[in-house]
Amino acid sequence: MAGQSSVKDSSNMRTLSIRINDALHRRLRLRAYGANLSVSEFLRPLIEDAAVPGGRYAYTGQDELLGVALQTYALLAEMAAQQSGGIVERALAASRAMLRERGLLDPEEEAASGMRPTFLGKEGRAP
């Protein structure tokens, strides 16, 4: 189950090093201490949750940029729809392909949702 660590043999464990500022480190140590855990034990379930495919979304520093990009995309899509519906369909096909390539869109989930999987041809256009 996500979030529950069943660590019995630490010899199979890898070390992950990250840089954080002193204030954040102090707050993490206090939270871990309050839970009677080491910092590693405290953070391990959070890291496991972030690594679960299809799990809840792990927020990053890129979320604000993503929000702006999505709003810009929506405006452009609306403008393109007024010009030609074909442009929108090709753009959606291209964006789904890019999301798939980056592992952000599961083809099986896409098919199950009723979205028509579209793959780009040589000219970068949907067939």
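Throughout, residue positions are numbered sequentially from 1 according to the sequence presented.
Residue-environment remark: OH (Tyr73) exceeds the threshold of 12 foreign heavy atoms within 6.0 Å.
Atom-to-atom distance recorded for Arg44:CZ and Met13:CE is 3.5 Å, nearest 0.5 angstrom. Between atom CG of residue Leu30 and atom CZ of residue Phe42 there is a gap of 10.5 Å, rounded to the nearest 0.5 Å. Atom CG of Leu43 sits about 9.5 Å away from atom CG of Leu16, to the nearest 0.5 Å.
Transitive grouping of hydrophobic side chains (ILVMFWY, heavy atoms separated by less than 4.5 Å) brings Ile47 and Leu37 into a common cluster. Cluster membership for Leu70 and Leu76, using ILVMFWY side-chain heavy atoms within less than 4.5 angstrom, is not shared.
Checked against side-chain contact (heavy atoms from CB on, under 4.5 Å), Ala91 has no partners two or more places apart in sequence or in another chain. A search for side-chain hydrogen bond (donor to acceptor under 3.5 Å, both in side chains) contacts involving Ser38 returns Glu41, not counting sequence neighbours.
Across all their heavy atoms, Ala80 and Ile87 have their closest contact at CB-CG2, 3.7 Å.
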Side-chain atoms of residues 19-28: list all donor-acceptor pairs with protein atoms under 3.5 Å, sequence neighbours left out, distances to 0.1 Å.
{"residue": "Asn21", "atom": "OD1", "partner": "Ala23", "partner atom": "N", "Å": "3.2"}
{"residue": "Asn21", "atom": "OD1", "partner": "Leu24", "partner atom": "N", "Å": "2.7"}
{"residue": "His25", "atom": "ND1", "partner": "Arg29", "partner atom": "NH1", "Å": "3.4"}

